[in-house]
12 protein chains.
Amino acid sequence: MPDHVYKKIEIVGSSPNGFEEAVQNALARAQKTVRNMRWFEVTETRGYIDEDKVGDWQVTLKIGFTLDE
Amino acid sequence: MPDHVYKKIEIVGSSPNGFEEAVQNALARAQKTVRNMRWFEVTETRGYIDEDKVGDWQVTLKIGFTLDE
Amino acid sequence: MPDHVYKKIEIVGSSPNGFEEAVQNALARAQKTVRNMRWFEVTETRGYIDEDKVGDWQVTLKIGFTLDE
Amino acid sequence: MPDHVYKKIEIVGSSPNGFEEAVQNALARAQKTVRNMRWFEVTETRGYIDEDKVGDWQVTLKIGFTLDE
Amino acid sequence: MPDHVYKKIEIVGSSPNGFEEAVQNALARAQKTVRNMRWFEVTETRGYIDEDKVGDWQVTLKIGFTLDE
Amino acid sequence: MPDHVYKKIEIVGSSPNGFEEAVQNALARAQKTVRNMRWFEVTETRGYIDEDKVGDWQVTLKIGFTLDE
Amino acid sequence: MPDHVYKKIEIVGSSPNGFEEAVQNALARAQKTVRNMRWFEVTETRGYIDEDKVGDWQVTLKIGFTLDE
Amino acid sequence: MPDHVYKKIEIVGSSPNGFEEAVQNALARAQKTVRNMRWFEVTETRGYIDEDKVGDWQVTLKIGFTLDE
Amino acid sequence: MPDHVYKKIEIVGSSPNGFEEAVQNALARAQKTVRNMRWFEVTETRGYIDEDKVGDWQVTLKIGFTLDE
Amino acid sequence: MPDHVYKKIEIVGSSPNGFEEAVQNALARAQKTVRNMRWFEVTETRGYIDEDKVGDWQVTLKIGFTLDE
Amino acid sequence: MPDHVYKKIEIVGSSPNGFEEAVQNALARAQKTVRNMRWFEVTETRGYIDEDKVGDWQVTLKIGFTLDE
Amino acid sequence: MPDHVYKKIEIVGSSPNGFEEAVQNALARAQKTVRNMRWFEVTETRGYIDEDKVGDWQVTLKIGFTLDE
């Protein structure tokens with residue numbers, strides 16, 4: 001059985017609707033160019049303020065994926 | 001064009017209903033005394049436990065706002 | 001009046017449905033063996049990815065509870 | 001019941017007599033302009049050295065207080 | 001000679017009288033259920049404010065103890 | 001001799017010309033409302049990119065100033 | 001399918017023979033009282049020095065295990 | 001309006017002439033393969049010493065850029 | 001002489017046999033797509049536990065390599 | 001006026017009597033070989049436990065002193 | 001070929017003229033007593049404020065040098 | 001009984017053969033000028049890459065030793 005090797009990339013997803021949707025948007029975009037995504041780690045949560053309300057949630061995540069042999 | 005200068009303040013918002021509402025409550029209160037809020041950064045997420053359930057979400061955020069010239 | 005002493009334990013809750021439910025699941029399981037839970041602190045947020053979407057939210061929290069006299 | 005919102009400020013107290021008095025001095029000065037102080041968090045402990053002894057304890061703390069409705 | 005193995009637990013001691021008494025109170029309570037305590041590490045110092053003075057010192061410590069063979 | 005008490009505030013200065021000018025701009029703006037500034041600590045250095053060059057340096061600093069008796 | 005909940009404990013393993021054996025010793029001792037161990041995270045590596053050589057490797061790890069339903 | 005997604009990459013720029021030129025060199029090289037760079041964050045500043053003087057400034061930065069739809 | 005610019009990527013290597021082999025496996029896989037690797041920095045050490053023993057060492061490293069002119 | 005240059009060294013002081021005396025003991029010993037000590041920064045507070053009480057406070061500090069011209 | 005061993009020391013350089021000159025001043029002073037300096041790492045940037053302007057830049061660096069065989 | 005005072009120094013050991021040998025090499029060199037070494041703490045693990053393999057392990061450690069009375 002081969003020893004697995006993974007790569008981590010850092011992506012910022014955003015959404016006006018909430019924290020979780022920002023994460024989902026990051027994954028939806030990342031899967032266009034990355035295969036075999038396995039896990040994510042949230043490293044930063046922030047956002048823009050628009051007229052005194054949250055205008056955009058911005059969540060930074062590291063995404064780990066298996067490198068093809 | 002003037003160089004922008006911002007101030008950051010640290011606010012703790014709370015809500016029994018969830019993480020995002022705690023952030024919104026923090027902004028709603030802060031806008032009573034602060035103008036030109038631009039962004040926030042979540043620095044801590046915690047909460048009180050009431051009868052073995054989340055009684056109150058407490059989210060600490062830094063809020064950045066433009067200082068008037 | 002006695003001086004309070006608390007213990008903190010570290011629990012990872014998970015949920016396919018979201019960040020907050022992962023926290024609630026952690027508390028629901030912890031209360032089976034721990035009494036007098038008072039507060040929690042989120043220390044890590046991550047998750048597994050299943051078919052390019054969040055398959056499972058995994059939230060690590062420290063739970064503080066009063067030690068009985 | 002209203003959701004509480006708190007503000008945190010960062011104060012450095014000093015005292016030639018010790019760590020705890022430096023904290024008390026910080027609170028004594030802060031209460032002149034801040035109402036409803038609820039908790040503090042020590043973030044840094046340092047001091048000046050005078051003739052090879054501690055000349056002044058300097059303790060940085062964050063003070064949390066309730067924002068009036 | 002066996003190789004030693006230790007466990008660390010996290011305890012919050014409190015005292016209205018000072019930082020050191022909060023640590024001593026944590027140890028006094030912990031020794032009711034833990035044997036062979038060897039060392040402690042202070043990880044957080046905070047407190048409640050009561051009428052603009054320190055009402056209660058709260059010190060979080062990790063306590064290391066030898067696991068019996 | 002009174003024991004000194006200081007307050008720290010967090011300011012972001014910016015400048016298209018460089019790191020040091022961003023710090024100077026932060027102080028120039030802060031001194032309009034704060035007296036007795038004594039020291040600063042750089043906590044973050046970042047910037048916007050405009051046409052593949054640094055468009056604006058953004059430096060976050062904490063500024064410590066003496067609280068009047 | 002139930003949502004998994006894990007607990008993390010912090011253990012220090014030691015060995016005169018090396019870093020990896022210190023980790024293995026920690027697990028060997030922990031499995032006497034903990035079932036269903038799944039993963040570990042090294043948080044600190046240190047050791048005692050005996051006659052100018054490493055006398056004992058001491059590795060702190062967090063061990064995650066599944067909580068039984 | 002689409003939700004923006006960004007990627008962050010980590011680059012080390014160097015220059016014998018100074019901190020800011022090391023950042024500019026990093027951007028100049030990165031723009032050969034990356035489009036739509038928006039911001040940078042300095043994460044580390046170090047350098048080589050040559051004959052007791054700074055021989056080369058080495059600045060690590062994270063560069064954020066928009067991912068094309 | 002041109003000023004060097006480096007890129008850092010984050011890779012997780014694994015091995016059932018030990019910490020160092022996990023690092024070597026990460027490099028062995030990375031060199032299939034990356035040229036001019038110069039240094040690595042270990043950022044995390046963890047592993048899976050299989051039948052109460054280390055089943056797999058997992059070491060996260062940042063790898064720095066020279067960007068071709 | 002010459003530009004000042006300082007060196008920082010790291011010292012661990014200990015005392016069975018308390019946190020502050022451990023700091024004072026560190027300074028008392030350091031001044032035997034170091035001149036012109038100016039400030040200290042506490043970086044770690046821990047201790048040994050003897051018969052379920054604090055046996056020895058151990059405080060790590062960095063001491064800054066002026067380098068003679 | 002012998003295996004290299006390095007020592008790191010921590011120095012604070014200062015300059016009224018800027019960040020980079022503070023680093024150069026630190027090296028200029030350190031080379032009076034240290035040979036074979038190879039690299040530096042900036043760990044802290046701060047300064048004194050004089051009449052609302054930067055009076056003195058203070059940069060803390062770790063300096064690595066080869067230990068003679 | 002006198003109160004012990006320790007000093008910590010920071011050393012980087014290297015070895016082409018592995019992590020542990022790099023630590024041993026650091027101690028072997030340090031003992032030429034330092035007496036009464038008691039413990040070490042690993043603070044950084046990195047290395048140079050030579051032809052796509054680990055060319056040199058480089059381990060930074062803090063070494064604590066008793067200061068003679």
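As a basis for the values below, the full set of heavy atoms in this structure was taken, side chains included, without hydrogen atoms, waters or symmetry mates. Residue numbers begin at 1 in each chain, while the letters A, B, ... track the order of the sequences.
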Nearest-0.5 Å distance that lies between atom NZ in C/K8 and atom CD1 in E/I11: 10.5 Å
Nearest non-hydrogen partners of C/V5 and E/N25, listed with the distance: CG2-O, 3.8 Å
Derivation of the salt bridge (charged side-chain N to carboxylate O under 4.0 Å, His left out) call for E/E10 and C/K62: CA-CA 10 Å; E/E10 199 165 18; C/K62 293 193 176 183; 3.0 Å; yes
Gap separating the OG1 atom of E/T33 from the CG atom of C/L67, nearest 0.5 angstrom: 7.0 Å
